[in-house]
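Notes follow once the structure below has been shown.
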Amino acid sequence: MIRKDCRITTDAAVFSIIYFMMHIFFKISYTINISVTISSFSGDYCIASYACASEWRFFMSTTSTVPKKYYIGGFLFVSLLGTLGHFFYNWSGQNPVWGLFFPVNESTWEHMKLVFFPMLLWTGLFMHLFQKSNPCFVFLSLCAALFGTSLIPILFYSYRGILGYSLPAADISTFYISVFLMFILLYKIQNKCFKKMVNAFIIALTILFFLGFVVFSYHAPELGIFENPVSTADN
């Protein structure tokens with residue numbers, strides 16, 4: 001009984017941390033349109049809008065845009081690779097190296113890899129193309145990757161908290177919804193350049209997520225988000 005209560009508490013703690021991080025993302029992306037042109041810049045740059053309910057300036061705007069087809073292609077790429085990635089670990093004969101980047105079990109944490117690593121791969125593949133139109137593309141893409149990755153547990157625990165149980169169809173839907181909203185966010189902020197403070201924050205979170213996925217693949221803490229429902233059901 002004590003163990004069960006403890007698991008509920010840790011689940012709530014993990015969800016609270018992720019929710020706080022998502023709150024920061026929304027403050028960055030949802031802004032009030034107040035722009036002031038800077039004539040001294042070589043190009044059409046302007047001061048970005050102030051973050052909602054705050055007077056901190058998080059980013060600067062540029063006039064660069066990327067055609068929608070690349071974002072549609074990105075959505076299809078990440079969706080397909082993430083779907084196939086669910087089976088890569090078993091297809092590889094449970095190769096431990098593959099397990100660092102693809103799910104080794106059915107836990108919520110492991111399924112977050114299906115968004116994070118395919119999005120990193122997509123960023124690396126198209127970085128040379130998008131960097132010319134916006135030098136800040138990598139930071140924007142990493143921000144979107146963190147956003148989409150965090151949506152997996154947020155959507156999962158939200159709908160399960162409302163229903164009181166999980167549904168296979170809903171579990172699968174959380175992945176595609178997360179990928180879709182991830183590229184929607186990237187499309188909306190594609191002509192932005194974050195301030196150095198925000199870039200550093202994004203890089204730090206990306207490194208933490210990367211290391212977390214690598215370390216916790218085979219040394220997961222006893223928290224609800226790392227629990228494998230399949231092994232639990234068998235026991």
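Worth knowing before you read on, the calculation uses all heavy atoms, side chains too, and leaves out hydrogens, waters and symmetry mates.
- Under a 3.5 Å cut-off, the side chain of Y218 and the backbone N or O of P96 do form a donor-acceptor pair.
- A distance of 9.0 Å separates OG1 of T149 from CE of M119, quoted to the nearest 0.5 Å.
- Of all heavy-atom pairs between N95 and S92, the closest is N-OG, 3.2 Å.
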### Message
With side chain to side chain contact (heavy atoms under 4.5 Å, CB included) as the criterion, how do F175 and H86 come out once you've worked through the C-alpha distance, each side chain's angles and the decisive distance to 0.1 Å?
### Response
CA-CA 11 Å; F175 167 71; H86 187 274; over 6 Å; no
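- Rounded to the nearest 0.5 angstrom, I162 CD1 and Y157 OH are separated by 15.0 Å.
- Residues K188 and N191 come closest through the heavy atom pair O-OD1, 4.2 Å.
- Classification of the F213-W109 ring pair by plane angle, with boundaries at 30° and 60°, yields tilted.
- Counting heavy atoms from C-beta outward, L81 and W122 have side chains that stay 4.5 Å or more apart.
- The environment of F77 atom CZ is dense: over 12 non-hydrogen atoms of other residues, nucleotides or ligands sit within 6.0 angstrom.
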#### Entry: Residues V78, L121; criterion side chain to side chain contact (heavy atoms under 4.5 Å, CB included); working and verdict
CA-CA 9 Å; V78 174; L121 179 59; over 6 Å; no
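- Rounding to the nearest 0.5 Å gives a distance of 4.5 Å between OG of S166 and OH of Y159.
- The shortest non-hydrogen separation linking E227 to S107 is O-CB, 3.2 Å.
- Closest heavy-atom contact between F116 and T206: CZ-O, 3.7 Å.
- Considering F88, Y89, W91 as possible partners of W98, the one that fulfils the ring-ring contact (aromatic ring centres under 6.0 Å, His included) test is F88.
- Rounding to the nearest 0.5 Å places CG of L185 at 9.0 Å from CG of L151.
- Across all their heavy atoms, E106 and N228 have their closest contact at N-OD1, 3.3 Å.
- In this structure, S217 and K113 approach most closely via the heavy-atom pair OG-NZ, 2.6 Å.
- Using a 4.5 Å heavy-atom cutoff, the side chains of F194 and C136 are not in contact.
- The SG atom of C143 sits 9.0 Å away from the CZ atom of F201 when rounded to the nearest 0.5 Å.
- Across T174, L120, V179, a single residue satisfies side chain to side chain contact (heavy atoms under 4.5 Å, CB included) together with V115, and that is V179.
- Annotation: the span from I225 atom CD1 to F156 atom CZ amounts to 9.5 Å, rounded to 0.5 Å.
- A donor and an acceptor atom, one from each side chain of Q190 and Y71, are located under 3.5 Å apart.
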### Task
Might you work through the side chain to side chain contact (heavy atoms under 4.5 Å, CB included) test for I72 and F183, ending with a clear yes or no?
CA-CA 8 Å; I72 296 174; F183 277 97; over 6 Å; no
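- A heavy-atom distance below 4.5 Å is not found between the side chains of N105 and F226.
- In this structure, S79 contributes its side chain and F75 its backbone to a donor-acceptor pair below 3.5 Å.
- Contacts of F210 classified as ring pair (Phe, Tyr, Trp, His ring centres under 6.0 Å), with partners at least two apart in sequence or in another chain: F117.
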